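What follows is a single structure, written as structure tokens, with notes after it.
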Amino acid sequence: MKSIIFLFLFHSIAISHATEITLREVMPRDHAPSRNWWAIYRDEKLDALIRDATKANFDIKTAALRFEQSRSVARLARSSFFPTVSVSPAVNHQSTSGNTTVPFDPAGRIFSGNTFSIPLDVSYEIDLWGRVRMGHQAALADSASAAASAQHIALAVQAEVAQNYFGLRAIDAEIHHLEAAIELLVAAEKVASSKLQAGTATESEVARAKGEVAAQRAALAGIKSRRDALQNAIAVLCARRPSAFAIASLGDAALKPPALPTDVPSDLLERRPDIAASERALNASIARLGVAKKAGYPSLRIGGNAGFTSGSLSSLFTSGSENWIIGPVLDLPIFSGGKNQANQEIQKAATEIALANYQQTILLSFAEVENQLSALGHLSTQLSWQMDASTQADKARDATTSRYQSGAGSYLESIEAQRNSLEIQRLVQQTKGQQLIASVTLVKALGGSWNEKMPAAPPSLPDTKKQVFAEKKPGFFGRLFGR
């Protein structure tokens with residue numbers, strides 16, 4: 001059964017302009033190769049972590065097992081296309097009662113002996129109305145949905161590893177700058193102490209210097225705690241014990257996102273595995289609705305029995321020991337107390353829920369892409385201004401420090417300039433980390449990178465959305481057995 005599923009798609013997704021919504025048929029493209037999307041970041045450590053997580057993560061393993069389970073269910077449904085054949089060899093020893101009243105008086109005689117039999121039973125249901133076929137289609141769609149769900153979970157785990165990794169690298173850069181700043185503050189404390197001994201500084205200035213060093217060391221401990229939490233999260237994603245897992249710091253390593261798009265075709269969203277999973281779940285629900293509609297129709301089964309029966313094992317396979325019977329059995333439902341109609345209504349509601357979930361998944365996918373494109377644009381502007389602010393803050397810090405050491409400026413002015421410079425440096429590193437995390441989220445929102453070439457001009461279709469739930473005029477059997 002080929003069901004037509006509809007999706008509201010934008011011709012393109014862009015920050016700069018609004019686009020028209022059109023109705024079109026959707027063909028999920030989650031089979032399109034997304035390759036190793038994380039390779040665009042050119043980080044060997046990230047490559048190794050994601051490979052480890054893909055192989056060992058328990059959520060991915062569970063999703064793969066669910067897919068295998070769904071494949072077995074589909075094979076079970078397929079078995080209904082074939083006849084069932086069973087053989088039940090039996091050996092019986094029987095004895096009759098001479099005192100039993102029977103149509104033929106045994107006259108007190110007792111009959112006893114052995115019976116050897118090898119019966120072969122065959123049963124086959126003819127799929128008159130397509131009920132078996134639609135049940136198999138539902139099971140196949142469930143299996144395809146489970147496969148897409150497994151892909152979605154794998155993509156989510158890979159993206160989470162990358163997001164945590166880049167968050168950790170941004171913290172490493174923060175720690176590097178903060179440790180450098182603490183060294184400067186310790187040096188400033190020594191200068192203040194020397195001036196106090198020389199009588200050119202006050203005890204208040206020394207106390208401020210020591211307090212600032214203590215405050216920044218406390219901040220450093222808090223940042224390291226955040227790093228440990230991210231490192232432990234990565235360890236769990238890779239199915240490793242956190243206590244035996246460590247990622248070496250790279251210090252102030254360059255954090256730079258890859259070249260990012262400002263406009264992407266909406267066709268890329270068709271590769272999102274969660275969209276494919278929702279679409280296939282909808283197909284399965286539509287097939288089950290068809291099964292429910294045929295539940296009250298007659299069923300025709302061909303049954304047969306053949307084999308050998310004899311009172312002696314030596315003559316079991318000789319001529320005359322054969323027996324067989326074959327014939328059709330028609331099951332004609334007459335009254336079910338409204339059960340079939342209730343099942344149809346239940347399945348129709350389930351199909352409408354699946355359709356609503358599918359449409360919601362589509363809308364959320366657009367929101368995710370728009371959010372990340374918007375975030376990347378604003379983060380780029382934010383980082384540019386922060387870099388300018390950092391340059392000016394460093395100049396102000398150097399100038400005030402020189403003035404204080406020469407005796408022309410106050411220590412309060414110097415310490416404020418140092419604190420301001422440090423805070424802006426930390427904000428710069430945080431923004432760089434946010435850029436990388438947003439780029440990973442964008443890749444995830446697009447189903448894995450944006451470099452795959454997809455058709456740019458989708459075919460337009462007439463507005464036939466009601467085909468999914470179209471109520472056709474019932475035929476003779478529909479009127480007779482529909483309820």
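Start at 1 with the first residue, then count along the sequence. All of these numbers come straight from a predicted model, not from anything done at the bench.
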Counting distance only, does the side-chain N/O of T391 pair as donor-acceptor with the main-chain N or O of M387 below 3.5 Å?
yes

I'd like to know if the side chain of S145 and the backbone of A277 have a donor-acceptor N/O pair within less than 3.5 Å.
yes

What pairs meet the salt bridge (charged side-chain N to carboxylate O under 4.0 Å, His left out) rule with one or both residues in residues 53-80, with sequence neighbours excluded?
E68-R71

S421 side-chain N/O to A417 backbone N/O, donor-acceptor pair under 3.5 Å
no

Could you please spell out the steps behind the side chain to side chain contact (heavy atoms under 4.5 Å, CB included) verdict for V440 and Y41?
CA-CA 10 Å; V440 172; Y41 296 99; 3.3 Å; yes

Ignoring hydrogens and angles, tell me if any N or O in the side chain of D172 forms a donor-acceptor pair with the backbone of S249 under 3.5 Å.
no

Taking every non-hydrogen atom, the tightest pair across Q344 and A292
CG-O, 3.5 Å

For R397, is there any backbone N or O sitting under 3.5 Å from a side-chain donor or acceptor partner on T400?
yes

Output, in order, the C-alpha distance, side-chain angles, deciding distance and verdict of side chain to side chain contact (heavy atoms under 4.5 Å, CB included) for L446 and R272.
CA-CA 6 Å; L446 293 173; R272 283 180 55 129; 6.0 Å; no

Short side-chain to backbone donor-acceptor contact, T361 and N357, under 3.5 Å
yes

Mind running side chain to side chain contact (heavy atoms under 4.5 Å, CB included) on V428 and L383 for me, showing each step along the way?
CA-CA 6 Å; V428 167; L383 181 60; 4.0 Å; yes

Side-chain donor or acceptor of T351 paired with backbone N/O of S285 under 3.5 Å:
yes

How about CZ on R217, more than 12 heavy atoms from neighbouring residues, nucleotides or ligands closer than 6.0 Å, or not?
no

From CG (L427) to CD (Q386), nearest 0.5 Å
5.5 Å

To the nearest 0.5 Å, atom CD1 of I275 lies from atom CD1 of I362 at 3.5 Å

Could you measure the distance from the CZ atom of R240 to the CG atom of N232? Nearest 0.5 Å is fine.
12.5 Å

To the nearest 0.5 Å, what is the distance between CD (E368) and CG (L442)?
10.5 Å

Determine the minimum heavy-atom distance between S299 and R131, stating which atoms define it.
CB-NH2, 3.6 Å

Quick check against the 3.5 Å criterion: does R301 have a side-chain atom that pairs as donor or acceptor with the backbone of V329?
no

State, to 0.1 Å, how close V157 and A53 come at their nearest heavy-atom pair, and which atoms those are.
CG1-CB, 4.2 Å

Which atoms form the tightest heavy-atom contact between L49 and F245, and what is the distance?
CD2-CZ, 3.7 Å

Ring pair (Phe, Tyr, Trp, His ring centres under 6.0 Å) involving Y165 - partner list, sequence neighbours excluded:
none

Roughly how far, to the nearest 0.5 Å, is the CG atom of D228 from the CZ atom of R226?
11.5 Å

Can you name the nearest heavy-atom pair linking S80 to V132, along with the distance?
CB-CG1, 3.5 Å

Is a donor on one side and an acceptor on the other found under 3.5 Å between the side chain of D43 and the backbone of K45?
yes

Out of curiosity, L220 CG to I182 CD1, how far, rounded to the nearest 0.5 Å?
4.5 Å

Is the closest side-chain donor-acceptor distance between S380 and Q435 under 3.5 Å?
no

Quick one: do T54 and Q158 satisfy side chain to side chain contact (heavy atoms under 4.5 Å, CB included)? Show the steps, please.
CA-CA 7 Å; T54 303; Q158 293 164 354; 3.1 Å; yes

Under the criterion salt bridge (charged side-chain N to carboxylate O under 4.0 Å, His left out), which of R426, R169, R227 is the partner of E174?
R426

Can a side-chain donor-acceptor contact be found between N283 and E279 if the only test is distance below 3.5 angstrom?
yes

Would you check if the side chain of W129 reaches a backbone N or O of P298 as a donor-acceptor pair within less than 3.5 Å?
yes

Scanning both residues in full, the closest heavy-atom pair of A63 with I153 reads CB-CD1, 3.6 Å

Is it true that Q429 and Q425 share a donor-acceptor pair across their side chains at a distance under 3.5 Å?
no

